[in-house]
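Notes for the one structure printed next.
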Amino acid sequence: MINLKMPDGSNREVAEGTTVEQVAREISPRLAKAAACGMLNQQLVDLSHELQEDGEFAIITQDSPEGLNVLRHTTAHIMAQAVLRLWPEAKLAIGPTIDQGFYYDFDLGGHSLAPEDLGKIEKEMSRIIKENLPIQRKELGSDEARELFSKMGADYKLELLADLVDDPSVYTQGDFIDLCRGPHLPSTGKVKAFKLLSAAGAYWRGDSKREMLQRIYGTAFAKKSQLEEHLVRLEEAKKRDHNKLGRELGLFTTVDSVGQGLPLLMPKGAKVIQILQRFVEDEEEKRGYLYTKTPLMAKKELYEISGHWQHYKDGMFIIGDENTDDEVLALRPMTCPFQFQIYKSKLRSYRDLPLRYAETSTLFRNESSGEMHGLIRVRQFTISEGHLMCTSDQLDEEFRGVVDLINYMMESLGLKDDIWYRFSKWDPDNREKYIDNPEAWEYTQKQMKQILDNLDLEYEEAIGEAAFYGPKLDIQARNVHGKEDTIITVQIDFSLPERFDLTYIDKDNTSKRPIIIHRTSIGCYERTLAMLIEKYAGAFPTWLAPIQAKILPIAQVHKDYAEQITKFLKAAGVRVELDSRNEKIGYKIREAQMQKIPYMLIIGDNEVESQSLAVRSRKEGDLGAMEKADFMQRIVQEIAERAR
RNA sequence: GCUGGCGUGGCUCAGGGGUAGAGCAGUCGAUUCGUAAUCGACAGAUCGAGGGUUCAAAUCCCUCCGCCAGCUCCA
């Protein structure tokens with residue numbers, strides 16, 4: 001007999017060789033039905049796994065996070081089997097589960113998947129599910145596995161196999177066989193609710209020099225109702241898409257003849273960005289930053305010093321021809337080399353440090369053509385740039401100050417709950433991408449890790465995501481499509497002070513190198529606007545709303561008083577617009593509501609007579625009559641508090 | 001840059017070899033109205049650009065530009 005310690009703390013004795021499924025069934029038939037796999041000593045195991053030793057044990061159900069992954073992975077296998085039935089020549093690459101579902105990459109020879117193909121594949125998958133094929137695990141030796149997959153001509157699997165440390169296992173269902181760690185559901189019939197979502201190209205192992213494969217994204221849930229809810233959520237999310245809403249609300253537009261990745265901010269969008277800029281600049285000033293304004297371009301020699309010419313040239317717009325012109329300029333992709341020149345403009349003392357430079361800085365980056373997206377990835381953008389020069393003693397506190405400023409910004413914008421931190425390190429195996437100084441990389445990363453740990457930040461680590469000149473703390477967020485982006489970054493730079501020969505004279509009268517923190521406080525304004533649109537579905541908090549109140553006279557006779565109110569509120573600094581068109585009040589309200597304007601002020605006979613306003617809130621509807629001074633006070637306070 | 005989808009009046013879309021259609025928005029007129037669409041008339045597109053096939057191209061083919069999703073990249 002072996003002894004299993006159950007999640008509720010109880011112990012259960014079972015005979016050696018009892019399967020996970022039998023244990024589940026003993027507990028309850030319903031549990032057995034809902035089970036996806038078992039967990040033995042923190043290791044997920046198949047339901048068919050025969051228990052041989054004592055340990056902590058749990059049954060994992062399909063609707064738990066781990067169980068859902070198992071279900072989705074099994075669905076991915078079913079999809080692969082279906083694809084092989086439809087395209088027998090197809091070669092399988094990888095098919096992992098991801099956050100909200102799964103994908104599988106295929107080499108389909110020359111065939112590219114069209115949307116219609118997804119329906120065909122789904123149909124075949126349903127067939128496989130109906131066939132209820134048992135899914136079986138088999139452990140193989142490396143040689144055995146290699147022989148099996150080379151016989152199948154499964155080149156990609158062979159490549160994966162070569163990197164595998166443990167002995168490989170394979171899973172079979174009917175005539176389908178796949179290299180897989182598992183676990184899996186016991187049979188294909190266990191999958192009740194799945195949907196294929198999209199097909200797109202994807203490079204093998206993410207390497208643009210390698211084969212372009214066909215990737216199919218899909219998802220699966222334990223219950224049909226959960227799948228349907230998920231699909232509805234996806235639809236709802238798409239309605240918040242900044243790229244759609246931002247255009248509908250007249251915040252920005254793009255024009256073919258201007259060019260890709262070059263959105264035009266219209267008065268309303270520009271207004272939001274202006275508010276953000278003023279907010280950031282004022283806050284930075286309070287925190288001891290000095291404001292600079294530096295050129296948008298420079299000679300290539302400057303970028304040769306900074307290393308951009310060697311490491312970032314593809315990302316820059318270059319003016320002139322290196323081979324024929326005496327002077328070649330480049331639009332700036334970053335502000336650092338420019339602010340360094342200001343630092344260098346005179347001899348610095350330790351007494352000058354820390355020195356905090358900020359700039360509302362427009363940058364240009366030559367993104368690849370397939371990459372541009374609304375306001376999120378563009379070729380020209382404006383960022384809350386800044387560089388802090390400090391001594392190593394000051395580094396910790398300055399870094400802390402930067403993180404505090406960032407958190408304050410995110411809190412103020414209501415984005416704090418939507419972001420997370422990422423510690424981005426270099427990739428020692430990719431020397432070309434980075435300034436080559438391994439000791440300095442390792443040292444700086446260690447230093448940064450210590451600072452982060454002292455800050456008590458929860459963060460994830462990412463290898464190969466560092467800037468070419470140093471490690472970063474990135475603040476990450478997801479857009480409505482679930483795609484992750486860096487919105488803010490803080491970097492410790494060990495390299496550029498050296499390259500630019502930045503110095504200060506220390507107490508002991510010797511020349512030392514300052515340490516530089518590159519940072520942004522809310523990142524790029526365009527991207528922030530995009531995030532805000534998606535966060536609030538276009539309905540900005542009053543302080544950020546381009547139009548804060550719309551004044552709606554009921555009939556022409558009320559126009560004079562409406563104009564008076566408009567002036568009154570404008571004088572108080574409120575952004576108001578008067579809609580004196582000859583339309584019915586319901587029409588005007590509907591339009592203001594669709595423009596997501598926070599307040600509608602309705603003016604008719606009653607209001608003219610009592611010198612008041614009928615206030616309607618976008619959120620709460622009719623608020624009834626209010627003295628005009630009371631309303632003014634209310635909205636001014638709401639704006640000052642940056643209420644959400 | 002790569003894979004796929006797409007591009008028709010300001011917007012959303014229909015038409016898919018025989019010389020453009022709707023709704024909304026716009027303009028004009030009527031209506032003067034109390035909390036999410038008043039009625040009517042008018043105007044507006046050489047169908048992303050260029051080239052080709054054809055008696056005839058928005059429609060078929062090619063190239064380019066742009067938009068969308070994904071991959072590489074990145075704020």
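Owing to the predicted nature of the structure, the values given are computational and were not obtained by experimental measurement. Lettering of chains follows the sequences in order, A, B, ..., and the numbering in each one begins at 1.
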Do A:E284 and A:R519 meet the salt-bridge criterion of a basic N to acidic O distance under 4.0 Å?
yes
Taking A:R72 first and then A:D99, would you say they form a salt bridge - that is, a charged N and a carboxylate O separated by under 4.0 Å?
no
Any N or O donor-acceptor pair linking the side chain of A:E607 to the base of B:G34 at under 3.5 Å?
yes
Should A:F381 be counted as stacked on B:A75, where stacking needs a ring-centre gap under 5.5 Å and an angle between planes under 30 degrees?
yes
Going by purine N1 to pyrimidine N3 plus the second Watson-Crick contact, or the G-U wobble pair, all under 3.5 Å, which nucleotide sits opposite B:G70?
B:C2
Between P of B:G70 and CD of A:Q100, the distance in whole Å
13 Å
Watson-Crick or G-U wobble partner for B:A45, using a 3.5 Å limit on both distances?
none
Does a side-chain N or O of A:R210 approach OP1 or OP2 of B:U3 to a distance below 4.0 Å, or not?
no
Check this for me, if you would: do A:D117 and A:K120 make a salt bridge, where the nitrogen-to-carboxylate-oxygen distance has to be below 4.0 angstrom?
yes
Base partner of B:U32, which must satisfy Watson-Crick or wobble distances under 3.5 Å
none
OP1 or OP2 of B:A75 under 4.0 Å from side-chain N/O of A:T486:
no
Base B:C74 paired with A:R377 side chain (donor-acceptor, <3.5 Å):
yes
Hey, which sits more toward the 5' end of RNA chain B by its nearest nucleotide, A:H373 or A:A467?
A:H373
Side chains of A:Y421 and A:I475: closer than 4.5 Å at any heavy-atom pair?
yes
Any donor-acceptor pair under 3.5 Å joining the side chain of A:Y203 to the base of B:G1?
yes
For a quick check of understanding: with a heavy-atom distance under 4.0 Å over all strands, which category does A:A614 fall into, base, sugar-phosphate or nothing?
base
Using a cut-off of 4.0 Å on non-hydrogen atoms, how would the nucleic acid contact of A:D605 be classed: base, sugar-phosphate, or nothing?
base
